[in-house]
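Worksheet: the structure to be examined is printed underneath.
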Amino acid sequence: KLTNKTLTVALSTLYGAAVMNSTFCMAIFAGLVYFRDLEWNYSAEVVIIVIVMYVLGGIGIFAKDGIFTVTDAAIALFMLPFSLVFVYVCQNYLGMP
């Protein structure tokens, strides 16, 4: 049964899983770079991952009455194209590795 409550629970679960997955993968990646003494060439990607995590986390924290709106979903969907453009601009115009 599709209600505001069930949809909100589903979106909350997806937001939580995305943030936990990003954080966990970032920790593993940082550990590999540190312990294997690898060269760090991923500044633009890391910056955008942190930005996306904060934006999605902010949406989750400030959702009114714990209910996500269509605007929240649109912002979340916009994060992928924004991320791609941000990484492209950082690497090609700002000189970030």
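The cluster map of Ile, Leu, Val, Met, Phe, Trp and Tyr, joined by side-chain heavy atoms under 4.5 Å apart, puts Tyr54 and Met20 in different clusters.
Sequence neighbours left out, not one pair with a member in residues 78-87 passes side chain to side chain donor-acceptor pair (under 3.5 Å).
Here CD1 of Ile51 is found 4.5 Å from CD1 of Ile48. Values are rounded to the nearest 0.5 Å.
Here Thr71 pairs with nothing under the side-chain hydrogen bond (donor to acceptor under 3.5 Å, both in side chains) rule; sequence neighbours left out. Contacts of Met26 classified as side-chain contact (heavy atoms from CB on, under 4.5 Å), with partners at least two apart in sequence or in another chain: Val46, Ile49.
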Under 3.5 Å, sequence neighbours excluded: what are the donor-acceptor pairs made by side chains of residues 84-95?
{"from": "Gln91", "atom 1": "NE2", "to": "Glu45", "atom 2": "OE2", "distance (Å)": "2.9"}
{"from": "Asn92", "atom 1": "ND2", "to": "Tyr88", "atom 2": "O", "distance (Å)": "3.1"}

Going by atom type alone, with no hydrogens or angles, which donor-acceptor pairs under 3.5 Å involve a side-chain atom of residues 28-40 and a protein atom two or more places apart or on another chain?
{"from": "Trp40", "atom 1": "NE1", "to": "Ser43", "atom 2": "OG", "distance (Å)": "3.4"}

Pair up each side-chain donor or acceptor in residues 72-80 with any protein partner under 3.5 Å, not counting sequence neighbours, and list the distances.
{"from": "Asp72", "atom 1": "OD2", "to": "Thr69", "atom 2": "N", "distance (Å)": "3.0"}
{"from": "Asp72", "atom 1": "OD2", "to": "Thr69", "atom 2": "OG1", "distance (Å)": "3.4"}

